Amino acid sequence: MGRAHPRPQHRASDSHRTCVNEDVSADDGIVIIGASHAGVEIAVSLRQRHYAGPITLISDEPSLPYHRPPLSKAYLAATGGKPQWLRPEATYTAARIDLVLGVAAVRIDRAHKRIELANGRIIAYRKLALATGARIRRLPATLFDALHPNNLHYLRSEADALALRGQLVAGRRLVVVGAGYVGLEVAASAAKAGLKVTVLEAMPRVLARVTGSLMSSFYEEVHQSRGVVIKKDVIVEGFKFNDDGGDVAAVRYKHQASGEVIDVPCDLVVVGIGVTPNVELAKDAGLRVDDGIVVDVTALTSDADIVAAGDCTRHPNVIVGRQLRLESVQNAVEQARVAAATLLGIDASYRAVPWFWSDQYDMKLQMAGLSDGHDQTVLRGTKESGSFAVFYLKAGRLIAIDAVNRPKEFMACRRLIGLDVDIDCKALADSDVDLAQLAAPRESTVDV
Ligand SMILES: Cc1cc2nc3c(=O)[nH]c(=O)nc-3n(C[C@H](O)[C@H](O)[C@H](O)COP(=O)(O)OP(=O)(O)OC[C@H]3O[C@@H](n4cnc5c(N)ncnc54)[C@H](O)[C@@H]3O)c2cc1C
């Protein structure tokens, strides 16, 4: 439990502040860098655990923290309005969370326990949390010939989604580069809005990084039935630009097997080729980094006063049995709760089954566990019905499920995965068997 501290002032935005090199926080408390799913959850959890000291939550984004998943789904289909806030502004005020918006933290001085912001402000901390997330991976600049096309989009932030949304006009031709979740969700949103969509994927199947071949072929068929053209095993080689403003007029790709080069004419392009964790602050401060800020099961970094949570971390997962870096809201939120406990000296450890969801058309895909390394799959239901589940087993143990419109099976398997019990494959395949009966309730993922 933290000490009692005087109330800090709530600041809706810090981007205009001019106080340079001023140690504003005489009574240094907990500072959190990054205010998205992980950062906000750390702040709120600290208060829920009755921490009374100052909390400063720093974001380089200008708006109130918002839900990121809708950006490729409902938000793209909407015609106006704000994003869905993670918490209303009043929550931060009531919880005395000092929200500092629109300014990046640029340096951590671990020796003096201080943070430097881009506007020169210095903030002292007693404990620090890093929730810096991830940023989009970009195509090589060499493909653009120093041009900055207005019709080429990436999608990570609300600003990105807003710019893209304005160009999603029925009848336009969209090329999506990358058939991961974000690419396919954008393709689905655009096809529903009446655009003509072509998806280019470097791998031999869609969603190759995250699911098995059965689910990949299902999603390929679903998209194709909605008129989406999918080109697999192809590499983007370059772009053709309009003569006037330098917008992209066509995407040039090469088929990897045949070597054939093709130009796809287009009105706009969305690139979804993955993300890179934001680790530079941590690395420059001398923290251990390895494709993510390295933390232990308590979310502690290599500094006893600094925790990290969310997309930016590489952490041990005791259920999967190895180090992971995950990109999911569930991981961000649940790891954040452990990080908050650790900051307060409460014994907690993170041991959650990873899970994820994706909404495309009228299909909800829910995935739990990690299927890589499986040696057996079992199917329940049929692809044709649009409601089915694929179970992945390894040496007789259930390690993952991908469920399409099958929430009950998904929920049951979240509890079954990682349990040291033999699973009857006939029961898995039989839609009449209630899997919840096989699943003993799992204890809290925050093991306190
Ligand atoms: C379009 C889209 C759709 C998605 N759909 C799903 C989905 O359906 N299901 C799902 O589980 N996940 C989904 N995700 C992934 C999910 O949004 C992320 O896993 C989640 O946002 C991770 O939260 P985070 O807080 O760890 O990091 P982030 O959300 O990346 O937030 C990190 C924040 O820190 C800020 N920041 C970074 N460095 C600094 C600095 N130095 N100073 C100040 N601020 C800084 C960043 O600008 C950002 O605001 C989706 C992501 C996108 C982009």
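Residue numbers start at 1 and run along the sequence shown. All ligand and atom numbering here is 1-based and tracks the order in the structure. Given the structure is predicted, the values throughout are model-derived calculations rather than measurements.
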**Study point:** Geometric class of the Tyr181/Phe356 ring pair [parallel <30°, tilted 30-60°, perpendicular >60°]
**Key:** parallel

Review point. Purely on distance, is any nitrogen or oxygen of Glu185 under 3.5 Å from one on ligand 1?
Key: no

Practice item. Is it possible for you to check whether Arg380 lies under 6.0 Å from the centre of the six-membered ring of Phe391, through NZ or CZ, and within 45° of that ring's axis? Key: no

Review point. Can an N or O of Gln330 be found at a distance shorter than 3.5 Å from an N or O of ligand 1?
Key: no

Point to revise | N/O separation below 3.5 Å, Phe356 to ligand 1 | key: no

Check your understanding: Would one find an N or O of His37, backbone or side chain, under 3.5 Å from an N or O of ligand 1?
Key -> yes

Review point. For ligand 1, is any non-hydrogen atom under 4.0 Å from Ile33's backbone (N, CA, C, O), its side chain (CB onward), both, or neither?
Key: side chain

Review point. Among all protein non-hydrogen atoms, which one is nearest to atom 19 (O) of ligand 1, and what is the separation to 0.1 Å?
Key: Asp311 OD1, 2.8 Å

Point to revise | Pair Arg87 + Glu41: basic N to acidic O under 4.0 Å | key: yes

Check your understanding: Is the closest N or O pair between Val329 and ligand 1 shorter than 3.5 Å?
Key -> yes

Practice item. Record the part of Ala38 in heavy-atom contact with ligand 1 below 4.0 Å; permitted values are side chain, backbone, both and neither. Key: both

Check your understanding: Do any nitrogen or oxygen atoms of Ser59 lie less than 3.5 angstrom from nitrogen or oxygen atoms of ligand 1?
Key -> no

Exercise for review: Among Val169, Val176, Asp247, Leu168, find the one that has a side-chain contact (heavy atoms from CB on, under 4.5 Å) with Leu268.
Suggested key: Leu168

Check your understanding: Should Cys312 be counted as touching ligand 1, given the test is an N or O pair under 3.5 Å?
Key -> no

Check your understanding: Can you list every pair that meets salt bridge (charged side-chain N to carboxylate O under 4.0 Å, His left out) and has a residue in residues 31-40, with sequence neighbours left out?
Key -> none

Practice item. Just say parallel, tilted or perpendicular for the rings of Phe410 and Trp355, cut-offs at 30° and 60°. Key: perpendicular

Check your understanding: Relative to ligand 1, is Ala332 under 4.0 angstrom through side chain, backbone, both or neither, heavy atoms considered?
Key -> side chain

Point to revise | Heteroatom distance test (Ser72, ligand 1): nitrogen or oxygen, under 3.5 angstrom | key: no

**Study point:** Residues forming a side chain to side chain donor-acceptor pair (under 3.5 Å) with Asp359, sequence neighbours excluded
**Key:** Lys364

Check your understanding: What part of Leu281, side chain from CB on, backbone N/CA/C/O, both or neither, has a heavy atom under 4.0 Å from ligand 1?
Key -> side chain

Review point. If you measure from each heavy atom of Ser358 to ligand 1, is any distance below 4.0 Å?
Key: no

Point to revise | Donor-acceptor side-chain pairing of Gln335 and Thr313 below 3.5 angstrom | key: yes

Check your understanding: For Lys231, does the NZ atom sit with more than 12 other heavy atoms under 6.0 Å from it, leaving out its own atoms?
Key -> no

Revision key, fill the gap. If you scan protein heavy atoms around atom 27 (O) of ligand 1, the nearest is Gly133 CA, 3.2 Å

Check your understanding: For ligand 1, is there an atom lying under 4.0 Å from some heavy atom of Lys73?
Key -> yes

Point to revise | CZ/Arg209: more than 12 non-hydrogen atoms of other groups inside 6.0 Å | key: no

Check your understanding: What protein heavy atom sits nearest atom 17 (O) of ligand 1, and how far away is it?
Key -> Arg68 CB, 3.2 Å

Exercise for review: Identify whether the distance between the nearest side-chain nitrogen and carboxylate oxygen of Arg135 and Asp160 falls below 4.0 Å.
Suggested key: no

Study note, to complete from the structure: atom 42 (N) of ligand 1: closest protein heavy atom, distance to 0.1 Å, is Ala105 N, 2.9 Å

**Study point:** Under-4.0 Å heavy-atom contact with ligand 1, by part of Trp357 that carries it
**Key:** both

